[in-house]
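What follows is one structure encoded as structure tokens, with my remarks underneath.
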2 protein chains.
Amino acid sequence: MKCEQCIVRQFNALKSLEKNDLIRISGCKTSKFIQKGEVLFREGESINGVFCIKEGVCKLTKLSANGKDQIVKLVVRGDLLGQRSLVTDEKSNLTAIAVNEMEVCFIPKSEILNDLSKNANFSLDMLQDMAKELRIADNVIVDMAQKSVKQRLADVLVYLNTTFDNDDKGFLGVTLSREDYANLVGTATESAIRILSQFKKEGYISTTGKQIKILDLESLKRIE
Amino acid sequence: MKCEQCIVRQFNALKSLEKNDLIRISGCKTSKFIQKGEVLFREGESINGVFCIKEGVCKLTKLSANGKDQIVKLVVRGDLLGQRSLVTDEKSNLTAIAVNEMEVCFIPKSEILNDLSKNANFSLDMLQDMAKELRIADNVIVDMAQKSVKQRLADVLVYLNTTFDNDDKGFLGVTLSREDYANLVGTATESAIRILSQFKKEGYISTTGKQIKILDLESLKRIE
DNA sequence: TTTAAACTATGATATTTATCATGTTTTCAT
DNA sequence: ATGAAAACATGATAAATATCATAGTTTAAA
């Protein structure tokens, strides 16, 4: 599909590009499907472009000193991935792994870098995106430092519930392993499992295999 | 002092402004001294401009749900404070409090916003700054999630040691209370005190009142 | 379909960290 | 200088979390 016609563009900074620029970019972008578990890029690699997420979800992880992967954030449909690589020449600080089947477009850095200096709206939009990401990151820092594991896990469930449409049976729209949950909140896998079991016992959620259904959102929000 | 002649400018995005823009900005900036403990702005307030830190250090804190202040980052000489307020109209997410005596210049948003859209170098510089901040924030998230309190406190000491010049007697160039240390690493004040006592007992640091001297940097780096 | 591997679950225990209590020291305004 | 408030220090205990062990369950490949 051509960028000019792609609705996903409306969700990110690409919406600020002029039509002729979009056509040019459309001509050099590559589009691909990525399977669950596949790696888009690894920590330490050069990205040299941005991914526009057309469909699916991926996790951005970083390997900590103790050998555990921390999931820093989830990147979803409509997001741009790798903006930082556009403005710095550093290698990626994070690894990106598909959480479910994804469709992404890749736009080479060389092709889009000019737009940053020529199109003020575009670069302002990028600035606003980054400012927003920065605010969210600051909030995550505070939560990590101050909230209990149980609170953080409840937060994640609430976040998933509000960010993704539930499936037709009412399960969360994204299916994560217990290890993913642990890596999102920064705890041991066993601890995440234990707390989810407790939430189940208390009637806040129900589970079928990996699938989780929120039964009592308000109680999850109130956990402390 | 005029912005054109101010050396601090070289450390941040303002270095990308043309001379005539600098002169214009210099004409509308306000300069002031801020005492230790004084508040530059509070969470929830509109900033409507950027602070250029000419001298001193301030802490950016956020009140967590449990009533504790978390220090999200320290802002130092040469840094710009409040970039986010330039590109979004949101209220500040953080409170800024002087850690020691500061000298800052304040540039109103209205005066500098034009430069963002007209001067591509300037906005690219801002983008690079934010990209860097974002990378640092991601790393902090991982550390908060995965490292022990002891490791995080050792990290802070190493950070302070490398970021600020020691004073003439070899003490850290910035003096923080034990509560500040606790709020930086996200722990109880008593825990921070205990760990600092332990570091002292093990010969990694020495203390005189609030002042801390690093005796064995390498050991602090190796703590796990 | 079978079978191994991966994931989930839970108990027992150890470790880390928070909380409460109390006393000491430092700081600072009068 | 002096007294009050703030900051520092440390013990005792409780709570949260990690780790190790073991077993059941699901998933996916052969």
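Note on naming: letters A, B, ... go to the chains in the order of the sequence lines (proteins, then strands), and numbering restarts at 1 for each one. Because the structure is predicted, anything quoted here is derived from the model rather than measured.
Inspection of the A:S46 and A:N48 side chains reveals no N or O donor paired with an N or O acceptor under 3.5 Å. Side-chain contact, B:D79 with B:N12: no donor N or O sits under 3.5 Å from an acceptor N or O.
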Filtered N/O pairs between nucleotides 28-30 of chain C and protein, under 3.5 Å:
none

Show each protein N/O and nucleotides 16-19 of chain C N/O combination with a separation under 3.5 Å, one pair to a line.
| unit_1 | atom_1 | unit_2 | atom_2 | d |
| --- | --- | --- | --- | --- |
| C:dT17 | OP1 | B:V149 | N | 3.0 |
| C:dA18 | OP1 | B:T187 | OG1 | 3.4 |
| C:dA18 | OP2 | B:T187 | OG1 | 2.3 |
| C:dA18 | OP2 | B:A188 | N | 3.3 |
| C:dA18 | OP2 | B:S191 | OG | 2.9 |
| C:dT19 | O4 | B:R194 | NH2 | 2.9 |

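Helix-axis bend for the helix from C:dT1-D:dA30 to C:dT30-D:dA1: the local axis fitted to the five terminal pairs at one end deviates from that at the other end by 50°, rounded to 10°.
One finds a salt bridge joining B:D155 and B:K147 here, because a Lys/Arg side-chain nitrogen approaches an Asp/Glu carboxylate oxygen to under 4.0 Å.
For residues 5-15 of chain B, the pairs satisfying salt bridge (Lys or Arg N to Asp or Glu O under 4.0 Å) are B:K15-B:D125, with sequence neighbours left out. Applying the ring pair (Phe, Tyr, Trp, His ring centres under 6.0 Å) test to residues at least two apart or on different chains, the pairs with a partner in residues 28-81 of chain B are B:F41-B:F51, B:F51-B:F106. Sorted by first and then second residue, the pairs that involve residues 170-191 of chain B and meet salt bridge (Lys or Arg N to Asp or Glu O under 4.0 Å), not counting sequence neighbours, are B:K59-B:D180. Each salt bridge (Lys or Arg N to Asp or Glu O under 4.0 Å) pair with one or both residues in residues 84-106 of chain A, not counting sequence neighbours, appears once here: A:K54-A:E103, A:R84-B:D138, A:D89-A:K109, A:E90-B:R135. Residue pairs satisfying the salt bridge (Lys or Arg N to Asp or Glu O under 4.0 Å) criterion with at least one member in residues 36-48 of chain B, sequence neighbours excluded, are listed as follows: B:E43-B:K62.
Here the range on DNA chain D touched by chain A, meaning any atom under 4.0 Å from one of its heavy atoms, is D:dT17 to D:dC20.
Between A:S197 and the phosphate of C:dT8, there is no side-chain N or O to OP1/OP2 separation shorter than 4.0 Å.
Listed for the B:T162 side chain is a donor-acceptor partner under 3.5 Å among the backbone atoms of B:Y159. Checking side-chain atoms of B:N100 against main-chain N and O of B:V57 turns up a donor-acceptor pair under 3.5 Å. With A:K68 contributing its side chain and A:A182 its backbone, the two residues share no donor-acceptor pair below 3.5 Å. B:Q10 places no side-chain N or O within donor-acceptor distance of the main-chain N or O of B:I7, the cut-off being under 3.5 Å.
In this structure, the side chains of A:D167 and A:L172 stay at 4.5 Å or more apart for every pair of heavy atoms.
Atom NZ in B:K210 sits about 8 Å away from atom C1' in C:dT26, given to the nearest Å. Look at CD1 on A:I193: it is 6 Å from P on C:dA9, rounded to the nearest Å.
Contacts with DNA chain C (heavy atom under 4.0 Å) in residues 212-224 of chain B: none are found.
By the salt bridge (Lys or Arg N to Asp or Glu O under 4.0 Å) test, B:K150 pairs with no residue at all, sequence neighbours left out.
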N/O donor to acceptor pairs below 3.5 angstrom from side-chain atoms of residues 201-212 of chain A, sequence neighbours left out:
| unit_1 | atom_1 | unit_2 | atom_2 | d |
| --- | --- | --- | --- | --- |
| A:E202 | OE2 | A:Q198 | NE2 | 3.4 |
| A:T207 | OG1 | A:K200 | NZ | 2.9 |

